[in-house]
Amino acid sequence: MKTTIKKAILPAAGLGTRFLPATKASPKEMMPIVDKPLIQYAVEESISCGIEEFIIITGKNKRAIEDHFDSAYELEEKLKSTGKNKLLEEINKLSHVNFAYIRQKVALGLGHAILCAKPFVDNEPFAVILSDDVIDPEYPLLKEMIKIYEKKKCPVIALEEVPMSEVNRYGIVDGKPEDGVYRIRDMVEKPRPEKSPSNLAIIGRYILTPDIFGILEKQKPGAGGEIQLTDALKRLVKKTPIYGYLIKGKRYDAGDKIGYLKATVDLALKNRELSGDFKKYLIEKAKTLR
Ligand code: G1P
């Protein structure tokens, strides 16, 4: 699929505190759902929607991400000599893909992570993919967002309705329905429920234009003392339209333990090799629960 959006930034420098101790020395982006790390789901989703190049923002303890997308000579030879061709094919599936890595020296927030990618983006629109939001692999969310971008030529962000009690975990928008999307009027990062403009939460898929960088350069720290992408978008929307797209498929917040478990169960049930036995186990297990 040919699209105007060729590059994706994948921020992966966060400390992953919600999954400690698992993430003390290894990246949360490498936590597996069934047999693939979170970040690989994000990369495969993007490739299926026409993205060709990836800029991964890393930090301390994130070397495993680079190794994961690199070739693994010894392992490949071993798989070849033992005739494990299916596994060989699986580990080489992304060998043609271009990855660039930028190290964010201090975890100053999502907005700062995006700014680190500026030298690699040139003057073109790009996607931002947060790998702890896992989108059902059968649902082409990015494709739908790119179509809207191509029509409007303005930034597009993914939205989902969340319970009011959870708005303080997200960027929340104030938007007006217009032509099948939301025209964003304002947004706020992690508001208290009583102060929230709505329950429309920003989900980790964005199509952005390079004018965000100039704003990020001047952006002061916001919620949690971090340089927030939401705060920069809030300023951008005063100058240029931004559209919100309500997602139509399933999204898992795999940065949260319950969301991670739900993603694991659902994706295991979709896995051809596992689904039969796993379903039997779940049915038996459910009988013992009240
Ligand atoms: C980030 C963004 C937030 C967005 C969320 C989506 O927050 O800052 O606006 O709603 O991703 O997952 P984080 O989850 O990194 O705290």
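As the structure lists them, so they are numbered: ligands from 1, and atoms in each ligand from 1. Throughout, residue positions are numbered sequentially from 1 according to the sequence presented.
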Could you tell me the residue and atom name of the protein heavy atom closest to [atom], and the distance to it rounded to 0.1 Å?
atom                    : result
atom 14 (O) of ligand 1 : Arg18 NH2, 4.3 Å
atom 4 (C) of ligand 1  : Ile202 O, 3.4 Å
atom 7 (O) of ligand 1  : Lys190 NZ, 3.4 Å

**Q.** Under-4.0 Å salt bridge between Asp136 and Arg251
**A.** no
Q) Is Arg169 in polar range of ligand 1, meaning some N or O pair under 3.5 Å apart? A) no
Q: Please confirm whether Thr230 comes under 4.0 Å of ligand 1, counting heavy atoms of the residue only.
A: yes
State the atoms of ligand 1, each with its element, that fall below the 4.0 Å cut-off from a heavy-atom position in [X].
X      : answer
Asp133 : 6 (C), 12 (O)
Gln228 : 8 (O)
Gly171 : 3 (C), 4 (C), 9 (O), 10 (O)
Glu189 : 2 (C), 3 (C), 7 (O), 8 (O), 9 (O)

(Q) Applying a heavy-atom cut-off of 4.0 Å, say which part of Leu130 lies close to ligand 1: side chain, backbone, both or neither. (A) side chain
Q: Mind checking side-chain contact (heavy atoms from CB on, under 4.5 Å) for Gln228 and listing every partner two or more places apart, or none if nothing turns up?
A: Glu189, Ala223, Glu226, Asp231
Atom pairs and distances, donor-acceptor, side-chain atoms in residues 191-203, under 3.5 Å, two or more places apart:
from: Arg192; atom 1: NE; to: Glu194; atom 2: OE2; distance (Å): 2.7
from: Ser196; atom 1: OG; to: Ser198; atom 2: O; distance (Å): 2.7
from: Ser198; atom 1: OG; to: Val173; atom 2: O; distance (Å): 2.6
from: Ser198; atom 1: OG; to: Leu200; atom 2: N; distance (Å): 2.9
from: Asn199; atom 1: ND2; to: Val162; atom 2: O; distance (Å): 3.2

Q | Cationic tip of Lys262 above Tyr252 ring, under 6.0 Å, 45° of axis | A | no
